[in-house]
Amino acid sequence: MENKSVFEMILSGDIESDIIYEDNQIFAIHDINPVAKVHILIIPKKKIATINDLTKEDESLIGSMFLCAKDLAKKFDIDQSGYRLLFNTNADAMQTVFHIHLHLIGGEKLKNI
Ligand code: 5GP
């Protein structure tokens with residue numbers, strides 16, 4: 001059997017992490033190594049290694065991740081001040097966990113990318 005991703009281990013309780021949002025398709029946690037005051041990861045329960053592996057059947061899942069990000073931005077009071085949403089994909093983008101996750105980053109002035 002393929003190794004579990006760190007996010008699957010969090011979901012199963014093998015690694016401790018506060019789950020700040022969960023539904024039947026996705027969950028969200030605070031990043032262990034935040035790059036800004038707010039740094040949340042929105043993660044599908046289904047393991048998809050990279051954005052390159054998405055299929056048509058994942059269309060609504062990806063939409064749900066963005067709607068969750070929007071709701072969490074409001075919950076953490078950064079919806080008006082501003083935030084960044086991003087997926088890293090493969091080596092040049094420095095993807096380290098091969099189970100897709102949407103970064104929600106804000107709470108302070110971010111550097112230009
Ligand atoms: P990537 O570099 O793949 O886009 O992002 C992976 C993110 O997962 C990194 O920002 C990293 O800090 C975070 N991360 C890795 N392991 C853990 C963990 O065990 N707990 C939490 N909460 N975040 C993690």
Side-chain angles (χ1 to χ4, degrees):
M1 201 176 83
E2 209 181 312
N3 283 347
K4 276 187 177 180
S5 73
V6 67
F7 299 144
E8 288 175 296
M9 291 170 83
I10 286 170
L11 194 57
S12 64
D14 296 334
I15 294 179
E16 202 182 325
S17 183
D18 278 348
I19 294 181
I20 57 175
Y21 174 80
E22 182 173 9
D23 64 25
N24 61 339
Q25 287 197 108
I26 58 184
F27 65 106
I29 57 175
H30 290 288
D31 197 292
I32 203 170
N33 190 18
V35 299
K37 285 189 183 129
V38 176
H39 186 172
I40 291 168
L41 304 173
I42 296 112
I43 307 160
K45 290 184 173 177
K46 172 184 175 183
K47 181 160 86 173
I48 301 167
T50 79
I51 291 294
N52 293 334
D53 300 300
L54 287 177
T55 66
K56 187 78 181 161
E57 84 170 23
D58 302 317
E59 200 168 22
S60 79
L61 176 63
I62 293 296
S64 300
M65 290 171 71
F66 277 95
L67 289 172
C68 177
K70 179 203 78 163
D71 291 345
L72 288 171
K74 188 167 177 56
K75 181 173 177 188
F76 284 85
D77 200 26
I78 59 170
D79 55 324
Q80 297 307 313
S81 53
Y83 56 92
R84 185 169 288 154
L85 295 174
L86 67 90
F87 287 97
N88 291 320
T89 300
N90 282 337
D92 281 358
M94 310 267 279
Q95 182 178 1
T96 57
V97 178
F98 287 81
H99 176 156
I100 62 165
H101 46 282
L102 179 58
H103 292 259
L104 165 60
I105 299 167
E108 62 188 67
K109 192 88 176 166
L110 303 174
K111 292 200 179 76
N112 260 337
I113 53 167

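The residues of the chain are indexed from 1 along the displayed sequence. These values consider heavy atoms only, across backbone and side chains, with no hydrogens, waters or symmetry-generated copies. Order of appearance sets the numbers: ligands from 1, and atoms from 1 within every ligand.
With hydrogens and angles left out, the side-chain atoms of His39 and His30 include no donor and acceptor closer than 3.5 Å.
Comparing Ile15, Val97, Thr89 against atom 15 (C) of ligand 1, the shortest heavy-atom distance belongs to Val97.
Nearest protein neighbour of atom 22 (N) of ligand 1, counting heavy atoms only, is His30 O, 2.8 Å. Among protein heavy atoms, atom 5 (O) of ligand 1 sits closest to His101 NE2, 2.9 Å. Here the heavy atom of the protein found nearest to atom 10 (O) of ligand 1 is Asp31 OD2, 2.5 Å. The closest protein non-hydrogen atom to atom 2 (O) of ligand 1 is Thr96 OG1, 2.9 Å. Nearest non-hydrogen protein atom to atom 19 (O) of ligand 1 is Val6 CG2, 3.5 Å.
Glu59 pairs by the side chain to side chain donor-acceptor pair (under 3.5 Å) definition with Lys56, not counting sequence neighbours.
Among the atoms of Gln95, none of the N or O lies under 3.5 angstrom from an N or O of ligand 1. The shortest N or O to N or O distance between Ile32 and ligand 1 is below 3.5 Å.
Remark: side-chain polar atoms of Glu108 are paired, donor with acceptor, to backbone N or O of Lys37 under 3.5 angstrom. Checking side-chain atoms of Asp23 against main-chain N and O of Ile26 turns up a donor-acceptor pair under 3.5 Å.
Taking the charged nitrogens against the carboxylate oxygens, Glu57 and Lys46 do have a contact shorter than 4.0 Å, which makes a salt bridge.
Heavy atoms of His103 found under 4.0 angstrom from ligand 1 belong exclusively to the side chain. In Phe7, the part holding a heavy atom less than 4.0 Å from any atom of ligand 1 is the side chain.
Val35 does not count as a contact of ligand 1, since none of its heavy atoms falls under 4.0 Å from the ligand.
Using the six-membered ring where Trp is involved, His99 and Phe7 have ring planes that are perpendicular, over 60° apart on the 30 and 60° scheme.
The distance from ligand 1 to the heavy atoms of Met94 drops below 4.0 Å at these ligand atoms: 2 (O). Interface atoms of ligand 1 facing Ile29, defined by a heavy-atom separation under 4.0 Å, are 21 (C), 22 (N). Residue Leu41 has at least one heavy-atom neighbour below 4.0 Å for each of these atoms of ligand 1: 8 (O), 13 (C). Atoms of ligand 1 lying under 4.0 Å from at least one heavy atom of Asn33, given by number and element, are 12 (O).
Hydrophobic clustering (side-chain heavy atoms under 4.5 Å, transitive across Ile, Leu, Val, Met, Phe, Trp, Tyr) keeps Ile42 apart from Ile29. No path of Ile, Leu, Val, Met, Phe, Trp and Tyr side chains, each step under 4.5 Å between heavy atoms, connects Tyr83 with Val35, placing them in separate hydrophobic clusters. Leu102 and Leu86 are members of different hydrophobic clusters when ILVMFWY side chains are connected at heavy-atom separations under 4.5 Å.
Tested against Leu11 for a side-chain contact (heavy atoms from CB on, under 4.5 Å), the candidates Lys45, Lys4, Lys47 yield a single pass: Lys45.
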